[in-house]
Amino acid sequence: MPEPSSQAAPLSDTEVLEEFAQREYKEGFVTDVETDSAPPGLNEETIAFISAKKQEPEWLLEWRLKAYRQWLTMEDPTAQKASQRWAMVQYPEIDYQAISYFSAPKKALNSLDEVDPEILETYNKLGIPLQEQMMLAGVAVDAVFDSVSVATTFKDKLAELGIIFCSFTEAVHNHPDLVQKYLGSVVPTNDNYFAALNCAVFTDGSFVYIPPGVRCPMELSTYFRINAANTGQFERTLVVADEGAYVSYLEGCTAPMRDENQLHAAVVELVALGDAQIKYSTIQNWYPGNAEGVGGIYNFVTKRGACRGDRSKISWTQVETGSAITWKYPSCILQGDDSVGEFYSVAVTSGKQQADTGTKMIHLGKNTKSTIISKGISAVEGQNTYRGAVQIMKKATDSRNFTQCDSMLIGDQCGAHTFPYITVRNASSTVEHEASTSKIGEDQIFYCNQRGLSTEDAVSMIVNGFCKEVLAELPMEFAVEATKLLGISLEGSVG
Amino acid sequence: MLKISNLHASVEDTQILKGINLDVAAGEVHAIMGPNGSGKSTLAQVLAGHEAYEVTEGSVSYEDKDLLEMSPEDRAREGLFLAFQYPVEIPGVNTAYFLRTGLNEILKARGQEEMDAIDFLQLIREKLKLVEMDESFLKRSVNEGFSGGEKKRHEVLQMAVLEPRLAVLDETDSGLDIDALKVVAEGVNQLRAPNRSTVIVTHYQRLLDYIVPDYVHVLIHGRIVRSGGKELALKLEEQGYDWIREEVAEQTVGA
Ligand SMILES: Nc1ncnc2c1ncn2[C@@H]1O[C@H](COP(=O)(O)OP(=O)(O)OP(=O)(O)O)[C@@H](O)[C@H]1O
Ligand SMILES: [Mg+2]
């Protein structure tokens with residue numbers, strides 16, 4: 001007769017939750033790299049310093065300054081009273097003068113061999129062995145460490161096809177016409193407070209251009225890390241798919257443990273010309289803060305794609321498990337006739353995390369189609385809000401939207417909220433909205449337990465089942481990671 | 001194998017089990033019958049470790065271990081299986097994956113090698129035949145949209161795969177057509193072995209034509225008030241529970 005594997009008294013769900021919540025953040029560590037930082041503070045000089053440091057052309061400096069001046073006239077949503085804020089998140093006011101807006105590894109690097117071993121070690125700790133991943137998975141990795149890209153790979157292979165995949169800084173130097181043509185064309189400098197701030201002070205990011213008719217043969221991937229204390233992270237990403245081009249882009253991130261709240265205000269712009277397709281997938285796992293909610297990342301991101309040409313298509317897929325506060329609405333502007341916008345999202349909030357996420361689908365072209373599948377999971381004291389806008393304009397005849405918003409609650413101190421805003425300005429279009437809220441059942445967990453599964457595995461399985469339609473949209477390797485991540489982050493919240 | 005002594009259990013402060021005594025030796029099949037609401041499912045759930053039920057008195061030993069001290073998953077890993085009266089749906093979770101994960105946990109606990117997807121497929125195909133279920137069920141979400149009878153067959157399928165040493169079947173025969181009834185009985189009989197025991201909760205003696213029990217117990221108001229052989233089930237079928245209730249009342253008065 002085998003010994004029972006454990007004779008401990010069964011834990012109640014609450015106890016399991018608490019145990020999970022007390023686990024240390026698995027990706028929490030800090031790498032010590034000498035940084036060449038700007039002193040904290042924001043003014044026109046800071047912006048000029050960043051621009052000079054990056055040897056930018058005059059037009060870009062002017063563009064930054066324009067954005068900065070617009071930003072000065074805008075109202076800081078973090079300074080508003082909670083009751084006046086439209087997003088359902090709460091946080092202390094941010095001191096923009098306390099943030100350092102530029103930090104970069106010291107050396108300029110040409111190849112991976114020159115990468116600081118400590119940076120490579122950071123990736124190793126994260127389980128992202130760079131070279132191996134590039135070779136085995138066939139993924140070109142543009143690794144962003146702090147604000148400056150330190151390694152860009154597979155460029156030669158991609159170059160043969162005319163594909164440009166490089167850091168934003170390189171793009172500014174080597175492909176200024178493309179950058180100037182598309183930068184800010186989807187998200188204007190004065191779009192919102194954090195987008196304006198990003199335009200003024202962004203330090204680096206990624207640039208992708210796929211020439212007409214080219215199908216990018218591999219998934220393009222970027223790993224972001226936030227490092228260097230007190231450095232706001234202002235990434236800028238621009239992806240352009242020319243006529244008939246296709247690209248799948250992966251963005252994933254984890255962050256080291258921190259005491260102060262860190263602001264992250266990225267901007268991502270996607271442009272799809274006629275018959276082009278862009279698939280943009282994100283796994284977001286930034287430090288959510290400790291059990292009291294202290295020290296997590298503020299993730300205020302503006303992501304928008306323009307389906308500019310006829311029959312173009314943009315898909316956003318995101319798995320959001322990290323950050324103290326997430327505020328993000330990847331959107332599609334369906335300008336071309338017959339264009340398609342998709343949004344597939346899993347957002348997990350546990351502990352004291354707050355998320356206000358969703359999408360906007362703006363139908364301008366005829367016969368345009370959008371699909372929204374949103375899965376919100378709240379555990380412990382997490383607050384999860386879906387906020388979505390579907391606007392079908394007058395000229396967008398015969399257009400369709402399908403929205404499905406499902407919320408899952410784990411425990412009874414968390415919350416789920418749904419705010420769909422729907423506008424239809426013509427009679428030939430249809431909008432369908434389905435919503436559901438379910439509680440993860442004690443009985444479901446018990447049923448799994450009875451078949452030999454631990455509560456932890458049961459929760460992970462039930463949640464992954466709940467998110468299935470979204471996970472199915474992720475590229476294979478990413479889906480595996482996402483499945484694990486959901487398990488881990490629900491350990492931190494049961495969820 | 002299983003020894004239940006003076007077991008009292010309550011749910012939300014209502015006492016439901018009021019002193020159950022039951023010994024199940026290895027190799028035996030026991031049937032438990034009783035009117036609706038008498039506590040049969042409660043007993044089954046308490047044995048499996050559902051935390052909604054609080055044991056207030058008494059003890060349960062299973063293979064010489066204190067069952068009540070074990071977590072629900074450890075009970076399962078130690079060979080206790082409960083076929084639920086109301087199997088739970090788990091949307092989005094693939095049935096084959098669910099079952100293989102559970103099986104591997106149990107194999108691990110037994111110190112046996114875990115099964116890969118290919119070996120598992122071979123095993124499950126064999127067991128599917130036993131319960132006459134189509135392979136397409138494996139691709140569906142656990143119990144989601146299964147008919148009542150399909151859910152019951154699925155419970156038997158899981159039992160056949162997990163090969164428990166103590167199986168508790170809670171009304172697995174309810175809602176089944178005659179053919180399905182035979183299938184369920186076949187599933188149970190296949191598992192019959194000198195080192196395995198079965199406890200069957202049922203309302204119908206019909207099932208006991210196919211699975212012949214060693215003992216039949218009658219549970220009323222949270223107590224086992226009568227035990228006997230198969231003939232007790234036949235008498236219950238003919239005469240209902242009133243005669244037992246009366247006898248019990250007389251005894252209580254006389255005592
Ligand atoms: N979670 C619960 N909350 C409140 N009462 C409960 C709960 N579970 C069981 N009960 C009550 O306990 C009593 C016994 O229920 P149980 O399900 O064990 O009966 P049963 O013998 O299995 O009946 P049936 O033959 O109808 O399946 C019933 O009165 C029932 O209403
Ligand atoms: Mg019952």
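Given the structure is predicted, the values throughout are model-derived calculations rather than measurements.
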What are the two closest non-hydrogen atoms of B/Ala76 and A/Gly452, and how far apart are they? CB-N, 3.6 Å

A/Phe446 to B/Pro72 - nearest heavy-atom pair and separation: CE1-CB, 4.0 Å

What part of A/Tyr447 is in contact with chain B, defined as an atom under 4.5 angstrom from a non-hydrogen atom: side chain, backbone, both or neither? both

Checking heavy atoms, do the side chain of B/Phe98, its backbone, both or neither come under 4.5 Å from chain A? both

Heavy atoms of B/Val88 and A/Gln444 approach each other most closely as CG1-CG, 3.5 Å

Is B/Leu99 close to chain A through its backbone or its side chain, or both, or neither, when contacts mean heavy atoms under 4.5 Å? neither

Where do A/Lys468 and B/Gly92 come nearest, in terms of heavy atoms and distance? CD-O, 3.2 Å

Could you report the tightest heavy-atom contact between B/Val93 and A/Met461, atom names first, then the distance? CG2-O, 3.2 Å

Counting only heavy atoms not in B/Asp13, do more than 12 fall under 6.0 Å of its CG? no

Please classify the contact between B/Leu82 and chain A as side chain, backbone, both or neither, with a heavy-atom cut-off of under 4.5 Å. both

d(B/Glu105 CD, A/Asp457 CG) to nearest 0.5 Å is 6.0 Å

At a heavy-atom separation under 4.5 Å, does B/Asp64 approach chain A through its side chain, its backbone, both, or neither? neither

If I measure from the heavy atoms of chain A, does B/Gln45 come under 4.5 Å with its side chain, its backbone, both, or neither? both

Heavy-atom pairs under 4.5 Å with chain A are the metric here; pick the option from B/Glu89, B/Lys108, B/Glu155 that has the most. B/Glu155

Which region of B/Pro164, side chain (C-beta onward) or backbone (N, CA, C, O), has a non-hydrogen atom less than 4.5 Å from a non-hydrogen atom of chain A, or is it both or neither? neither

What's the shortest heavy-atom distance between B/Arg77 and A/Leu453, and which atoms? NH2-C, 3.9 Å

Polar contact flag, side-chain donor to acceptor under 3.5 angstrom, A/Asp443-B/His50: yes

Can a donor-acceptor pair be found, under 3.5 Å and without considering hydrogens, that links the side chain of A/Gln450 to the backbone of B/Arg75? no

With a 4.5 angstrom heavy-atom cut-off, could you sort out which part of B/Leu162 is near chain A: side chain, backbone, both or neither? side chain

Measure distances from A/Cys467 to the heavy atoms of chain B and classify the residue's part below 4.5 Å as side chain, backbone, both or neither. neither

Near B/Tyr97 OH, under 6.0 Å, is it more than 12 heavy atoms from other residues, nucleotides or ligands? no

